[in-house]
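Quick notes on the structure that follows.
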Amino acid sequence: MVAFCALALLTACSVAPAGVQVHDPYEAANRRAHEFNKGLDRSVIRPVSVSIAQLPPDVTDPIVNFAENTALPGMIVNGLLQADIGGMATNTFRFLLNSTIGIGGLFDPADALGLYEETTDFGETLAVWGVPEGAYRELPVRGPSTERDAAGNIVDIFLNPLNEVISSEQLAYVTGTRVAAGLIYRGRFSDTVDSVLYDSADSYAQTRILYLQNRRFQLGETGEIGAVDPYADPCAGGFEDPYADPENDPCAVAPDASQ
């Protein structure tokens, strides 16, 4: 039912004009969400993640392993919906092995046997079903996405069968572990993330390009996007946010005091 509701929402998705590789009709709203996300990262996420990154791998690896293991049942369902029998089988054996020999997923013996995770989600399922990418969106807290992936994220919340067999207390623990794993990854790749968010002339454009390129490559979709110069003038593209604050946005034009 949730999947069909998501598909109904997707019928309202905007369609990119012919030849347009970066479809971003919501750029003004997206940029405001991006600035909110940067502020949240600067004040909370980055400091916490950098501190967590100082912990030894013996502490952080089991957290990441457990979080990834709890996500596998949802990936198995998506593999079934995509008719990807090989990926579904790999994730199934991986989940069974790590949940038993790996002590509930705290350890990852499946890797040693070459059973590597076949990462997937409902956004990829929609792509397999022929649903177009839709417009680019940057979501508060969640970060870069597309209309198709945003709908997929909603379905993935309900699609994981593990959520139906564990208690509410266990579900809260699983959710907390996934948040912790995200902070660990943020700390591990701090230099890369910082270079995009804080060293680029236009971090929004850089984030958008990187997300779309990586996502399309992951899904095997065409539509390569030209590289973005991180040192380019972000105000040269002609974009003007009517809601921008002239004191905080270098591209905003301050009102003429003489008028």
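- Put simply, Phe93 and Ile76 are part of two different groups of oily side chains (I, L, V, M, F, W, Y) that touch within less than 4.5 Å, one to the next.
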Check the pair Asp194, Ser190 against side-chain hydrogen bond (donor to acceptor under 3.5 Å, both in side chains), reporting the backbone distance first and the verdict last. CA-CA 6 Å; Asp194 287 353; Ser190 181; 3.3 Å; yes
Derivation of the side-chain contact (heavy atoms from CB on, under 4.5 Å) call for Tyr136 and Asn30: CA-CA 8 Å; Tyr136 176 78; Asn30 285 339; 3.8 Å; yes
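- Remark: aromatic rings of Phe66 and Tyr173 are close, center separation under 6.0 Å.
- One finds no salt bridge joining Asp156 and Arg178 here, because no Lys/Arg side-chain nitrogen approaches an Asp/Glu carboxylate oxygen to under 4.0 Å.
- Atom CZ of Arg142 has 12 or fewer heavy atoms from other residues, nucleotides or ligands within 6.0 Å.
- Glu35 has no carboxylate O lying under 4.0 Å from a charged side-chain N of Arg31, or vice versa, which leaves the two without a salt bridge.
- Inspection of the Asn78 and Thr125 side chains reveals an N or O donor paired with an N or O acceptor under 3.5 Å.
- Under the 4.0 Å criterion applied to side-chain N and carboxylate O atoms, Arg148 and Asp121 are not assigned as salt-bridge partners.
- Each of Thr70, Ile63, Asn65 was checked for a side chain to side chain contact (heavy atoms under 4.5 Å, CB included) with Thr177, and the lone residue meeting it is Ile63.
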In sequence, state the C-alpha distance, the side-chain angles, and the governing distance for Thr146 and Arg137, and then conclude on side-chain hydrogen bond (donor to acceptor under 3.5 Å, both in side chains). CA-CA 5 Å; Thr146 61; Arg137 298 308 305 258; over 6 Å; no
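- Members clustered with Tyr116: none, using a 4.5 Å side-chain heavy-atom cutoff among hydrophobic residues.
- In this structure, NE2 in His34 is found 10.0 Å from CD in Gln206, a value given to the nearest 0.5 Å.
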Is there a side-chain hydrogen bond (donor to acceptor under 3.5 Å, both in side chains) between Glu138 and Asn37 once you walk through the steps? CA-CA 9 Å; Glu138 177 148 352; Asn37 290 337; 3.1 Å; yes
Could you give me the CA-CA distance, side-chain angles and deciding distance for Glu147 and Tyr26, then say whether side-chain hydrogen bond (donor to acceptor under 3.5 Å, both in side chains) is met? CA-CA 11 Å; Glu147 288 177 318; Tyr26 311 112; 3.3 Å; yes
